[in-house]
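Written below as structure tokens is the structure these notes are about.
Here the structure is a predicted model, which is why all the values come from computation and not from measurement.
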Amino acid sequence: MTVGTNIVRQLAFDFFTHGEEAEKDTHSVDTLKSQPSIPDVLSQMHTQPSGEKKGFDLTPVFSYHLERAKRKTVGFIVDERGVTVRAPRWVSVAEIERMLQEKEGWIQKKLTEFGNWQKELGIQTVHFVDGAQLPYLGEPLKLRLEPAARSVFLSEGKTERELIVNAAKDTEEDRVKDWVQVWFKKEAERYLGGRIKVIADRALVSFSGWGLSSAKGRWGSCSSDRRIRLNWRLIHLAPTLIDYVIAHELAHLDEMNHSARFWKRVGEIYPDYENARRALKGVYMPTLPF
């Protein structure tokens, strides 16, 4: 895998959830574990009948998987399974199929894009071997297997940073991956914990607690009890993007929506949020190492 622009891909997905729509990572049913899932792409779709459109006549026809969820809106998911619709129980199947009909062209486009991305992922897989490079805070981190080392630790040299792993160079990749992932998660807890405290104090915002998330489809979430969850994979991204995600979630403590007032609050906490927001949309989470 190449660290830098080759690890980013763009999809028009909103990776944030908030308020009553924030759900636990394990809530989704029938999720395939061999490939990453992609989150809601139309979380704000209207659910009122369209009037003139009747029936379900898609050309070409594609199948879809329906999941009933405790949520307010209908969301479409495009991932390795195809099309999944997540909808409240009160929305009828007929209305769901009218929505699918209205968005047929868009869905077909996203299915094609996702298929192309899946092919690209096949050549971007990280190999956890001596000399591999992993993204860490937006910069390359070289993996070095050193049997004489006593632990897994970060070494900062004059020209490059290395993650030293106490393992022989012929160690199985899966074992190395597990050790490296543990280090990245601990580093995420340390770094993100420090940043959320600094940013919250500066913004004069209080939260009841925070924790790491392993969600495959969102960077952060905020609940009504003022708890924030941050995806541990943020540790791969540049500090500016991390700060934006934190600011985004802290702003939800004041505005549990995505209204103009919400974005105004984000700007007060993180003034350069528009550039960071655009950059974050270009990060395709499944291209990250874990």
Side-chain angles (χ1 to χ4, degrees), residues 1-9 15 25 33-36 117 120-199 209-220 228-246 249 276 279-280 282-290:
M1 168 184 161
T2 302
V3 178
T5 56
N6 288 338
I7 69 167
V8 299
R9 293 292 185 272
F15 289 107
D25 299 337
K33 295 182 179 180
S34 60
Q35 293 284 347
W117 273 315
E120 292 181 15
L121 288 179
I123 62 173
Q124 292 180 340
T125 302
V126 174
H127 294 287
F128 289 83
V129 297
D130 187 64
Q133 290 193 333
L134 309 172
Y136 168 67
L137 295 177
E139 298 292 338
L141 176 63
K142 185 177 180 179
L143 180 62
R144 184 155 67 87
L145 305 185
E146 179 52 66
R150 295 186 177 182
S151 62
V152 179
F153 64 94
L154 179 67
S155 173
E156 303 219 37
K158 294 182 179 179
T159 59
E160 64 179 356
R161 292 184 297 185
E162 294 182 321
L163 183 63
I164 311 298
V165 179
N166 53 326
K169 287 181 171 50
D170 60 353
T171 303
E172 293 181 2
E173 284 190 43
D174 285 345
R175 296 183 65 187
V176 176
K177 179 179 179 180
D178 289 342
W179 296 330
V180 172
Q181 181 170 322
V182 168
W183 183 86
F184 268 97
K185 284 186 175 181
K186 289 181 178 179
E187 188 65 7
E189 184 173 21
R190 179 194 69 80
Y191 184 85
L192 299 180
R195 293 307 300 161
I196 193 171
K197 184 178 185 307
V198 168
I199 296 171
W210 84 280
L212 293 179
S213 163
S214 295
K216 290 290 184 66
R218 60 181 180 266
W219 295 114
I228 289 174
R229 302 190 71 200
L230 300 171
N231 197 310
W232 71 268
R233 296 176 183 86
L234 284 166
I235 195 64
H236 295 302
L237 308 188
T240 52
L241 302 189
I242 295 173
D243 285 359
Y244 161 65
V245 172
I246 292 173
E249 298 310 329
L280 188 63
V283 179
Y284 185 40
M285 195 181 292
T287 60
L288 297 175
F290 302 100

Exercise. Are side-chain heavy atoms of Arg144 and Asp130 found at a separation under 4.5 Å?
Worked result: yes
Problem set entry | Sub-4.5 Å side-chain heavy-atom contact between Trp179 and Asn166 | no
Exercise. CH2 of Trp210 to CZ of Arg229: how many Å apart, nearest 0.5 Å?
Worked result: 11.0 Å
For this session: Verify side-chain contact (heavy atoms from CB on, under 4.5 Å) between Leu192 and Leu234, making sure each step is shown before the conclusion.
Result: CA-CA 8 Å; Leu192 299 180; Leu234 284 166; 4.3 Å; yes
Problem set entry | Spatial distance of atom CD1 (Ile235) from atom CG (Leu288) [nearest 0.5 Å] | 12.0 Å
For this session: Determine the minimum heavy-atom distance between Ala276 and Thr240, stating which atoms define it.
Result: CB-O, 4.3 Å
For this session: Please report the closest heavy-atom contact between Pro135 and Phe184, naming both atoms and the distance.
Result: O-CE2, 3.7 Å
Seminar exercise, completed: Here the salt bridge (charged side-chain N to carboxylate O under 4.0 Å, His left out) pairs for residues 165-186, sequence neighbours left out, are none
Exercise. Rounded to the nearest 0.5 Å, how far apart are OH of Tyr244 and CD of Glu249?
Worked result: 9.0 Å
Exercise. For atom CD of Glu146, is the number of surrounding heavy atoms from other residues, nucleotides or ligands below 6.0 Å larger than 12?
Worked result: yes
For this session: Can you measure from CG (Asp243) to CG (Leu237) and round to the nearest 0.5 angstrom?
Result: 11.5 Å
Exercise. Hey, is the main chain of Pro140 close enough, under 3.5 Å, to the side chain of Arg161 for a donor-acceptor pair?
Worked result: no
For this session: Would you indicate whether the side-chain heavy atoms of Val283 and Leu241 approach each other to under 4.5 Å?
Result: yes
Problem set entry | Atom pair CD1 (Ile242) and CG (Leu137), whose distance is rounded to the nearest 0.5 Å | 5.0 Å
Problem set entry | Chi angles and distances behind the side-chain contact (heavy atoms from CB on, under 4.5 Å) call for Leu154, Trp183 | CA-CA 9 Å; Leu154 179 67; Trp183 183 86; 3.8 Å; yes
Exercise. Do the non-hydrogen side-chain atoms of Val176 and Leu143 ever get within less than 4.5 Å of each other?
Worked result: yes
Exercise. Under 4.5 Å between any side-chain heavy atoms of Tyr136 and Leu163, yes or no?
Worked result: no
Problem set entry | Euclidean distance, Met285 CE relative to His236 NE2, rounded to 0.5 Å | 10.0 Å
Seminar exercise, completed: Between Leu145 and Ala168 the two heavy atoms that sit nearest each other are CD1-O, 3.5 Å
For this session: Flag the pair Phe128 / Phe290 as yes when their ring centroid distance falls below 6.0 Å, and as no otherwise.
Result: yes
Exercise. Where the side chain of Arg218 meets the backbone of Asn231, is there a donor-acceptor pair that is under 3.5 Å apart?
Worked result: no
